[in-house]
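Inspection log for the structure reproduced underneath, given as structure tokens.
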Amino acid sequence: MSGKMTDVQAQYEKQGYLTSIPILSAEELQQARDAFALLEKEFGKDYTSYSLHNVHMEYDWVMALTKHPRVLEVITTVLGLDVILLDSRFICKYPVSKRSPAKAGDSNDVTACNQESEAEKSMSDQNSDTGLPYVAWHQDMKYWGLDGGPVVSVWLALDDSLEDNGALQVIPGTHSSGLLPHRQAKRAGNMLSVNQEIPEELVQKENSLLCPLLAGQMSIHDGLLVHASDPNTSERRRCGFVIRYVPTVAHPIQDPERPRSFPATVVVSGQDKYNHFSKQKPEL
């Protein structure tokens, strides 16, 4: 492992996330955006906002994104060489109101998120009762019936992901605190399919950081990291491709509080000598 990748691994283990990782070239980004536009035209934006689930099994260009060499370079650094693609989903927050667009930074390095400003905190407070689509504070592992290894979640940005269109917010280091209690969300508009949230008194919002991305960049976070995102109050779409990866040693468990099947797993790096997910796939 190179010195740079060693630093990446150490930072990820400490913080529970990495962000602003350059992945797609300008040409690759345009090709992905054009292909996604065809899906929007075919299915409609109500559908493409959240329902394009595991379509890597249907479209070669989507599968290619999950196996992109620069994506897998980072994923294998934090998970090891033997990796399974667990699940994927496109998530889009479409504009629902007019607001002056924000500007992105131009960093092309793997960096930690910028400290959330007072203006950003004020914006979160102002949006708290709007009912616009948002993602409540949560941990991904609450929804994944898995054990034996970590889950890494990827956001590969097809659009700029900034403060005003609902960029990711994280609380660094919370992946080390274990699984926190979740409850039914009290605020309307939560995009999480089971409408859950971590109780407000357990969320250290004062430590939250905003993670802006430019289109073509990627962020990754541990399945136990506490994270959220505010509504899109801009005039621009915020679309990203969410990919979940696990080491092959991980295995599904029967947990009534976390029921989940994994019918679309793919070995994307190394070998799977365990075959823990083979029984999850439907017979063809």
Side-chain angles (χ1 to χ4, degrees), residues 16-17 45-54 86-97 99 113 116 120-146 151 153-155 161-212 219 221-234 237-244 255-261:
Y17 72 95
K45 293 179 179 179
D46 286 345
Y47 188 87
T48 56
S49 65
Y50 198 75
S51 297
L52 289 172
H53 185 214
N54 286 333
L86 185 70
D87 187 270
S88 74
R89 185 187 295 272
F90 285 95
I91 297 179
C92 290
K93 288 181 184 174
Y94 290 97
V96 292
S97 65
R99 195 177 169 93
C113 299
E116 186 183 34
E120 291 161 359
K121 292 178 181 178
S122 176
M123 177 184 164
S124 297
D125 292 339
Q126 291 170 7
N127 287 333
S128 62
D129 295 317
T130 61
L132 300 178
Y134 73 102
V135 176
W137 290 104
H138 71 286
Q139 296 167 300
D140 293 340
M141 281 299 291
K142 178 63 180 178
Y143 313 103
W144 300 94
L146 293 168
V151 177
S153 294
V154 165
W155 179 278
S161 182
L162 308 176
E163 174 189 345
D164 66 342
N165 67 348
L168 175 70
Q169 299 174 51
V170 302
I171 303 181
T174 49
H175 65 302
S176 299
S177 300
L179 193 62
L180 299 174
H182 288 60
R183 68 184 182 194
Q184 288 295 292
K186 296 182 177 181
R187 172 181 157 201
N190 187 9
M191 293 181 72
L192 294 175
S193 58
V194 292
N195 190 35
Q196 286 196 324
E197 66 179 4
I198 298 172
E200 185 175 351
E201 61 271 17
L202 299 180
V203 179
Q204 299 172 325
K205 290 184 180 179
E206 66 276 10
N207 296 329
S208 66
L209 308 178
L210 187 72
C211 294
S219 67
H221 64 265
D222 185 90
L224 287 171
L225 189 76
V226 176
H227 62 289
S229 63
D230 282 338
N232 180 358
T233 59
S234 76
R237 185 187 70 178
R238 174 187 176 253
C239 184
F241 184 39
V242 175
I243 320 168
R244 323 278 189 183
D255 185 342
E257 293 190 359
R258 296 186 292 166
R260 197 85 187 205
S261 61

Examine distances only and state if a side-chain atom of N190 and a backbone atom of V135 form a donor-acceptor pair shorter than 3.5 Å.
-> no

Test side chain to side chain contact (heavy atoms under 4.5 Å, CB included) on K93 and S229 and set out the steps.
-> CA-CA 10 Å; K93 288 181 184 174; S229 63; 2.7 Å; yes

Can the positive tip of R89 be found less than 6.0 Å from the middle of the six-membered ring of Y50, inside 45° of the ring normal?
-> yes

Please say whether the positively charged group of R187, taken as NZ for Lys or CZ for Arg, lies over the ring of W137, i.e. under 6.0 angstrom from the six-membered ring centre and within 45 degrees of the axis.
-> no

Apply side chain to side chain contact (heavy atoms under 4.5 Å, CB included) to Y17 and L168, showing your working.
-> CA-CA 11 Å; Y17 72 95; L168 175 70; over 6 Å; no

Here the pair of heavy atoms bringing D230 nearest to Y134 is C-CB, 4.1 Å

Tell me, with the steps shown, if R183 and E197 meet side chain to side chain contact (heavy atoms under 4.5 Å, CB included).
-> CA-CA 5 Å; R183 68 184 182 194; E197 66 179 4; 3.1 Å; yes

Heavy-atom closest pair, residues P181 and L202 | CD-CD1, 3.7 Å

Do T48 and K45 have side-chain heavy atoms sitting under 4.5 Å apart?
-> yes

What distance separates C239 SG from N232 CG, expressed to the nearest 0.5 Å?
-> 11.5 Å

What one should report as the nearest heavy-atom pair of C211 and A167 is O-CB, 4.0 Å

Close side-chain approach of H221 and D140, heavy atoms under 4.5 Å | yes

Is the closest side-chain heavy-atom distance between D87 and R260 below 4.5 Å?
-> yes

Could you tell me the separation between the CD1 atom of I91 and the NE2 atom of H53, rounded to the nearest 0.5 Å?
-> 9.5 Å

Just by distance, do the side chain of H182 and the backbone of Q139 share a donor-acceptor pair under 3.5 Å?
-> yes

Interatomic spacing from OH in Y94 to CG in N165 - rounded to 0.5 Å | 13.0 Å

Judged by atom type as modelled, is there a donor-acceptor pair below 3.5 Å linking the side chain of D164 to the main-chain atoms of S234?
-> no

Taken to the nearest 0.5 Å, the spacing of L209 CG from H227 NE2 works out to 14.0 Å

Nearest-0.5 Å distance, CD of residue Q196 to NE2 of residue H138 | 10.5 Å

Listed partners of R237 passing salt bridge (Lys or Arg N to Asp or Glu O under 4.0 Å), at least two apart | E40, D159

Side-chain donor/acceptor pairs under 3.5 Å, residues 170-180, sequence neighbours excluded:
unit_1: T174; atom_1: OG1; unit_2: I171; atom_2: O; d: 2.6
unit_1: T174; atom_1: OG1; unit_2: V226; atom_2: N; d: 3.0
unit_1: H175; atom_1: NE2; unit_2: E13; atom_2: O; d: 2.8

So do L146 and L86 actually touch side chain to side chain, heavy atoms under 4.5 Å?
-> yes

With a 4.5 Å heavy-atom cut-off, do K205 and Q169 have their side chains touching?
-> no

